[in-house]
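For clarity, every value in this text was computed on a predicted model and none was experimentally measured.
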Amino acid sequence: MTTSPTKDKPALVVVPEPDEYGAVGFDTRELPWDQQYKLISSTVIPRPIALVSTDGPAGINVAPFSFFNAVALGPPMVMFCVGPTLFAKRGEEKDTLVNVRATREFVVQLVDDANKEKMNQCTPEYGAGVNEAEIAGFRTGASKRVAAPRLVECPVQLECVLTDIHTLGDTPYYMVIGEIVYAHYRDGIVDDRLRVDMQKMNPIGRLSNPGMYARITDSFQMLPPGQPGNS
C-alpha cells in the first residue's frame, strides 16, 4: 500500500510484515513507475556504466547508461537500455536513440574513476546539437570501424554496429543491442594472453539514487568444483 504524496514529502510505502522465511514482499505491478525505479535500480547493483557516444541527426552526443551489460559472444555483443526523457524533453526520444536509429552505430566507453566527473557532466538532458563531450572536456578521436567518435581518455572504447532495438514495457524502455566490431584498450590493461587487469582498468559502477557509485576495491576468486585455475 502506498500513502499519498504531499508537497514536502514523497509517497511512502507501507512495508509488510515478513513472511515465515523472513522476507518482506512487494507486488511490483502495484507500484508506480518512480517507486519501481527506486526499488529495482537500488537492488540490482552494482551495474557497469556504458558511456555511449554517437553522431547523427542530433549531433555528437555522449550519455551514460547503467542498464548495460555484455550479452553474447560469437560475435561479441553488448546492450544498453534507453529510458524515458524527463523535464523539458518529456515525451521525446533521447538524442542517443535518435542517432543510433539513423546511423546504426555507436561507441560504448567503460568509465574509470579518473573520468567519473567528466561522465557526470554528460548526465543532464541537454538539447539536440549540444556536444556533451565538449561540455565535459573529453578528448575525442576517430574510430576504426564506425563514424561515431570515441572518448580516448576512457580505459576501454567498444565500437559497435546496431543489431536490434527492442521496445520494452509501457514506459517504454528501448533495449539497444550492438555487435562489438573493434575494441580499444588503454595501454597496459590487456596482456599478450588477453587477460584484462581490472585494477588498471579501475571501472566504477552504479549503485542507488541519488548519485551513488562504487569502485572495485576488493575481489576474490571462487572456482566451480573440479575446475582448474585459469591461466
Q: Would the distance check show the side chain of Asn131 and the main-chain N or O of Ala133 forming a donor-acceptor pair, the cut-off being under 3.5 Å?
A: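 At least one qualifying donor-acceptor pair exists.
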
Q: Quick check on the hydrophobic clustering: are Val107 and Val161 connected, directly or via other members, by side-chain heavy-atom contacts under 4.5 Å?
A: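 Looking at the clustering, Val161 is in the same group as Val107.
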
Q: Evaluate the ring planes of Phe67 and Tyr173, with Trp represented by its six-membered ring, and classify them as parallel (under 30°), tilted (30 to 60°) or perpendicular (over 60°).
A: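 Phe67 vs Tyr173 ring planes: parallel.
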
Q: Under 4.5 Å between side-chain heavy atoms, counting indirect links through other Ile/Leu/Val/Met/Phe/Trp/Tyr residues: same cluster for Val146 and Val100 or not?
A: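 Shared cluster, no.
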
Q: For Asp164, does the CG atom have more than 12 heavy-atom neighbours from other residues, nucleotides or ligands under 6.0 Å away?
A: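 Yes, enclosed.
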
Q: Any side-chain heavy atom of Pro16 within less than 4.5 Å of one from Phe26?
A: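 Yes, at least one pair of side-chain atoms sits under 4.5 Å.
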
Q: When you measure from the side chain of Glu159 to the backbone of Val181, do you find a donor-acceptor pair of N or O atoms at a distance under 3.5 Å?
A: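 Between the backbone of Val181 and the side chain of Glu159 there is no qualifying donor-acceptor contact (under 3.5 Å).
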
Q: For Phe80, run the ring-ring contact (aromatic ring centres under 6.0 Å, His included) check against Phe68, Tyr174, Phe106 and tell me which one passes.
A: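 When ring-ring contact (aromatic ring centres under 6.0 Å, His included) is applied between Phe80 and each of Phe68, Tyr174, Phe106, only Phe106 qualifies.
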
Q: Does any N or O in the side chain of Arg101 come within less than 3.5 Å of the main-chain N or O of Ile165, such that one atom is a donor and the other an acceptor?
A: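 Checking the backbone N and O of Ile165 against the side chain of Arg101, no donor-acceptor pair under 3.5 Å is found.
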
Q: Keeping Lys118 on the side-chain end and Gly137 on the backbone end, is there a donor-acceptor pair under 3.5 Å?
A: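 Side chain of Lys118 to backbone of Gly137: a pair is present.
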
Q: Please round to the nearest 0.5 Å and tell me the distance separating atom OG1 of Thr163 and atom CZ of Arg104.
A: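 Answer rounded to 0.5 Å: 8.0 Å.
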
Q: If I take atom CG from residue Asn120 and atom OG1 from residue Thr123, how far apart are they, to the nearest 0.5 angstrom?
A: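 Answer for the CG-OG1 pair, Asn120 versus Thr123, is 4.5 Å.
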
Q: Answer yes or no: is there a side-chain heavy-atom contact under 4.5 Å between Pro48 and Asn69?
A: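 Contact flag for Pro48/Asn69 side chains = yes.
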
Q: Can you list everything that forms a ring-ring contact (aromatic ring centres under 6.0 Å, His included) with Phe138? Sequence neighbours excluded, please.
A: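 Expected list: none.
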
Q: Could you check Asp112, Val62, Ile49 and say which one makes a side-chain contact (heavy atoms from CB on, under 4.5 Å) with Met119?
A: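 Exactly one option meets the side-chain contact (heavy atoms from CB on, under 4.5 Å) with Met119, and it is Ile49.
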
Q: Test of understanding: clusters of I, L, V, M, F, W, Y form through side-chain heavy atoms closer than 4.5 Å, transitively. Do Tyr126 and Val98 belong to the same one?
A: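 Not linked; separate clusters.
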
Q: Count I, L, V, M, F, W, Y as connected when their side-chain heavy atoms are under 4.5 Å apart, and connections chain through other members. Are Leu223 and Met198 then in the same cluster?
A: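 Cluster IDs for Leu223 and Met198 differ.
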
Q: Taking atom CD of Gln35 and atom CG of Leu12, what is their separation to the nearest 0.5 Å?
A: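 Going from CD on Gln35 over to CG on Leu12, the span is 8.5 Å.
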
Q: List the residues meeting ring-ring contact (aromatic ring centres under 6.0 Å, His included) with Tyr37, not counting sequence neighbours, and say none if there are none.
A: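 ring-ring contact (aromatic ring centres under 6.0 Å, His included) list for Tyr37, sorted by chain: Trp33.
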
Q: Taking only distance into account, with no hydrogens and no angle test, what donor-acceptor pairs under 3.5 Å do side-chain atoms of residues 199-208 form with protein atoms, sequence neighbours excluded?
A:
{"from": "Arg206", "atom 1": "NH1", "to": "Ser208", "atom 2": "O", "distance (Å)": "3.0"}
{"from": "Arg206", "atom 1": "NH1", "to": "Met212", "atom 2": "O", "distance (Å)": "2.9"}
{"from": "Arg206", "atom 1": "NH2", "to": "Asn209", "atom 2": "OD1", "distance (Å)": "2.4"}

Q: CG/Leu162 to CD/Glu179 distance, rounded to the nearest 0.5 angstrom?
A: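 CD of Glu179 is found 11.0 Å from CG of Leu162.
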
Q: Sorted by first residue and then second, give each side chain to side chain donor-acceptor pair (under 3.5 Å) pair with at least one member in residues 136-147; sequence neighbours left out.
A: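 Found none.
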
Q: Taking all non-hydrogen atoms of both residues into account, name the closest pair between Ser41 and Lys38 and its distance.
A: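 Scanning both residues completely, I find the closest heavy atoms to be OG-O, 3.9 Å.
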
Q: Sequence neighbours left out, cut at 3.5 Å: what donor-acceptor pairs do the side chains of residues 50-61 make with other protein atoms?
A:
{"from": "Ser53", "atom 1": "OG", "to": "Gln109", "atom 2": "NE2", "distance (Å)": "3.4"}
{"from": "Ser53", "atom 1": "OG", "to": "Pro149", "atom 2": "O", "distance (Å)": "2.6"}
{"from": "Thr54", "atom 1": "OG1", "to": "Asn99", "atom 2": "ND2", "distance (Å)": "3.0"}
{"from": "Asn61", "atom 1": "OD1", "to": "Thr96", "atom 2": "OG1", "distance (Å)": "2.9"}
{"from": "Asn61", "atom 1": "ND2", "to": "Glu132", "atom 2": "OE1", "distance (Å)": "3.2"}
{"from": "Asn61", "atom 1": "ND2", "to": "Glu132", "atom 2": "OE2", "distance (Å)": "2.9"}

Q: Is there a path of hydrophobic side-chain contacts, each under 4.5 Å between heavy atoms of I/L/V/M/F/W/Y residues, joining Ile177 to Leu168?
A: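 Same cluster: Leu168 reaches Ile177 through Ile, Leu, Val, Met, Phe, Trp or Tyr contacts under 4.5 Å.
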
Q: Counting distance only, does the side-chain N/O of Thr85 pair as donor-acceptor with the main-chain N or O of Glu92 below 3.5 Å?
A: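 At least one qualifying donor-acceptor pair exists.
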
Q: Just wondering, are more than 12 heavy atoms of other shown residues or ligands nearer than 6.0 Å to CD in Glu20?
A: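 Counting other residues, nucleotides and ligands, CD of Glu20 exceeds 12 neighbours.
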
Q: CZ/Arg29 to CD/Gln36 distance, rounded to the nearest 0.5 angstrom?
A: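 Nearest 0.5 Å value for the CZ-CD distance: 10.5 Å.
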
Q: List for me each residue that meets ring-ring contact (aromatic ring centres under 6.0 Å, His included) alongside Tyr185, sequence neighbours excluded, and say none if there are none.
A: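 If we apply the ring-ring contact (aromatic ring centres under 6.0 Å, His included) test to Tyr185, skipping adjacent residues, there are no hits.
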
Q: Report the distance from atom CG of Asn115 to atom CG of Asp113, rounding to the nearest 0.5 Å.
A: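 Answer rounded to 0.5 Å: 9.0 Å.
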
Q: Are the side chain of Arg150 and the backbone N or O of Ala142 linked by a donor-acceptor pair below 3.5 Å?
A: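 Checking the backbone N and O of Ala142 against the side chain of Arg150, a donor-acceptor pair under 3.5 Å is found.
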
